[in-house]
Amino acid sequence: MAMDGSNAEELAIGCFVSIKTTLSDEFQGQVITFDRPSNIVVIQEGSKGGSRRNIRLLKANYIKELSYLGQAEDPLDVKNCYLDLNSLRAREELAIRQAEADSERIGVGVTSQAQNIFDALSKTLPVRWDKTVIVVMNAVRVSSPYTPESVSGGTPAANERVKKVLELERKRLQTRGSGQ
């Protein structure tokens, strides 16, 4: 039974339902809300008691079978809701730090080839951007056009290592690009 507007009354807020999806996934839960314009039903799985719950957002047209199991209290009653704000803040802080770290790895004003070289070098060496220059091991600098000839700074051994890795990565990127 694909859900459309005519079946929406079966998804009344607070009712317990058993659902089988068109992908053969089966679960039970309480209807939190049903959004008609997007045809999305929000279902809270898990025990009636306790602080841990799983929330599913499901396009109603993916519901193959729906069985009404009974009615319960309003699932959005503030007195019965539990949010671990410390845990949520910690997850938010971690996500922000990860996003900031990820953004520092994206070169601004560089070509896609330069970004590909940076990404390839970052797999084997510590790298960062200094405007459009790739800084390797906090000492060796690789400037545009990002060839072994554009490597400067650092100790002679570090410089040679970066040149060798850069040359191999450029060859690998070229063969991968020509193979597509």
Side-chain angles (χ1 to χ4, degrees), residues 1-129 134 169 172-180:
M1 143 188 129
M3 294 294 295
D4 56 25
S6 63
N7 301 101
E9 60 277 356
E10 294 180 42
L11 296 174
I13 292 175
C15 69
F16 283 99
V17 292
S18 175
I19 292 178
K20 184 173 184 178
T21 69
T22 55
L23 302 171
S24 299
D25 193 14
E26 296 182 48
F27 60 93
Q28 295 179 353
Q30 185 179 20
V31 176
I32 303 296
T33 190
F34 175 65
D35 182 59
R36 281 183 200 272
S38 64
N39 201 30
I40 292 179
V41 61
V42 179
I43 299 180
Q44 175 179 276
E45 292 180 279
S47 62
K48 297 176 189 172
S51 61
R52 308 275 314 187
R53 297 187 177 122
N54 187 36
I55 302 293
R56 284 193 189 226
L57 281 75
L58 178 68
K59 284 289 258 188
N61 48 323
Y62 285 99
I63 296 175
K64 183 177 180 180
E65 296 175 17
L66 176 85
S67 302
Y68 175 79
L69 302 177
Q71 188 67 30
E73 298 173 18
D74 182 358
L76 301 177
D77 184 358
V78 177
K79 292 178 231 126
N80 296 331
C81 288
Y82 173 80
L83 291 176
D84 182 356
L85 294 179
N86 290 331
S87 174
L88 290 174
R89 285 186 187 113
R91 286 179 62 191
E92 175 189 34
E93 184 62 32
L94 180 63
I96 289 170
R97 279 197 309 268
Q98 184 63 47
E100 288 170 346
D102 290 348
S103 72
E104 289 175 4
R105 301 181 58 74
I106 299 172
V108 177
V110 299
T111 64
S112 61
Q113 181 188 28
Q115 185 64 52
N116 288 339
I117 290 170
F118 178 93
D119 293 341
L121 287 171
S122 72
K123 292 177 184 174
T124 57
L125 298 167
V127 295
R128 65 179 171 81
W129 285 106
I134 300 172
E169 289 299 341
R172 191 178 62 80
L173 289 170
Q174 284 177 337
T175 58
R176 189 173 69 185
S178 64
Q180 293 177 345

Legend entry - Neighbour count >12 (heavy atoms, 6.0 Å) for atom CZ, Arg172: yes

Legend entry - Gap separating the CD1 atom of Ile32 from the CG atom of Leu57, nearest 0.5 angstrom: 10.5 Å

Inset, instruction - Any chance you could lay out the salt bridge (charged side-chain N to carboxylate O under 4.0 Å, His left out) test for Asp25 and Lys64, step after step, and finish with the verdict? - result: CA-CA 10 Å; Asp25 193 14; Lys64 183 177 180 180; over 6 Å; no

Inset, instruction - Begin with the C-alpha distance, continue with both residues' side-chain angles, and end with the deciding distance and a verdict on side chain to side chain contact (heavy atoms under 4.5 Å, CB included) for Phe27 and Ile43. - result: CA-CA 10 Å; Phe27 60 93; Ile43 299 180; 4.0 Å; yes

Inset, instruction - Check whether any side-chain heavy atom of Asn39 sits under 4.5 Å from a side-chain heavy atom of Phe34, and report yes or no. - result: yes

Inset, instruction - State the CD1-CG distance between Ile19 and Leu66, to the nearest 0.5 angstrom. - result: 5.5 Å

Inset, instruction - Measure from the side-chain N and O atoms of Gln71 to the backbone N and O of Ile13, and report whether any donor-acceptor pair falls under 3.5 Å. - result: yes

Legend entry - Whether Lys59 side chain and Ser38 backbone form a donor-acceptor pair below 3.5 Å: yes

Inset, instruction - Report yes if some heavy atom in the side chain of Arg91 is under 4.5 Å from a heavy atom in the side chain of Ile96; otherwise report no. - result: no

Inset, instruction - Determine whether Asn54 and Arg56 make a side-chain contact, defined as any pair of heavy atoms from C-beta on separated by less than 4.5 Å. - result: yes

Inset, instruction - Give the C-alpha distance, both sets of side-chain angles, the deciding distance and a yes or no for salt bridge (charged side-chain N to carboxylate O under 4.0 Å, His left out) between Arg97 and Glu93. - result: CA-CA 6 Å; Arg97 279 197 309 268; Glu93 184 62 32; 3.6 Å; yes

Inset, instruction - Kindly say whether Phe16 contributes a backbone atom to a donor-acceptor pair with the side chain of Gln30 at under 3.5 angstrom? - result: no

Inset, instruction - Applying side chain to side chain contact (heavy atoms under 4.5 Å, CB included), run through Leu58 and Ile40 and close with a yes or a no. - result: CA-CA 5 Å; Leu58 178 68; Ile40 292 179; over 6 Å; no

Legend entry - Heavy-atom side-chain contact between Gln28 and Leu69 under 4.5 Å: yes

Inset, instruction - Keeping the roles fixed (side chain from Gln115, backbone from Arg105), state whether a donor-acceptor pair exists under 3.5 Å. - result: yes

Inset, instruction - Just grab all the ring pair (Phe, Tyr, Trp, His ring centres under 6.0 Å) pairs involving residues 88-107, residues at least two apart or on different chains. - result: none

Inset, instruction - State whether Arg128 and Glu104 are salt-bridged, where the test is any N-O pair (Lys NZ or Arg NE/NH1/NH2 against Asp/Glu carboxylate O) under 4.0 Å. - result: no

Inset, instruction - Under the side chain to side chain contact (heavy atoms under 4.5 Å, CB included) rule, what do Ile106 and Trp129 come out as? Steps first, then yes or no, please. - result: CA-CA 8 Å; Ile106 299 172; Trp129 285 106; 5.8 Å; no

Legend entry - Leu121 vs Ile134 side-chain heavy atoms within contact, under 4.5 Å: yes

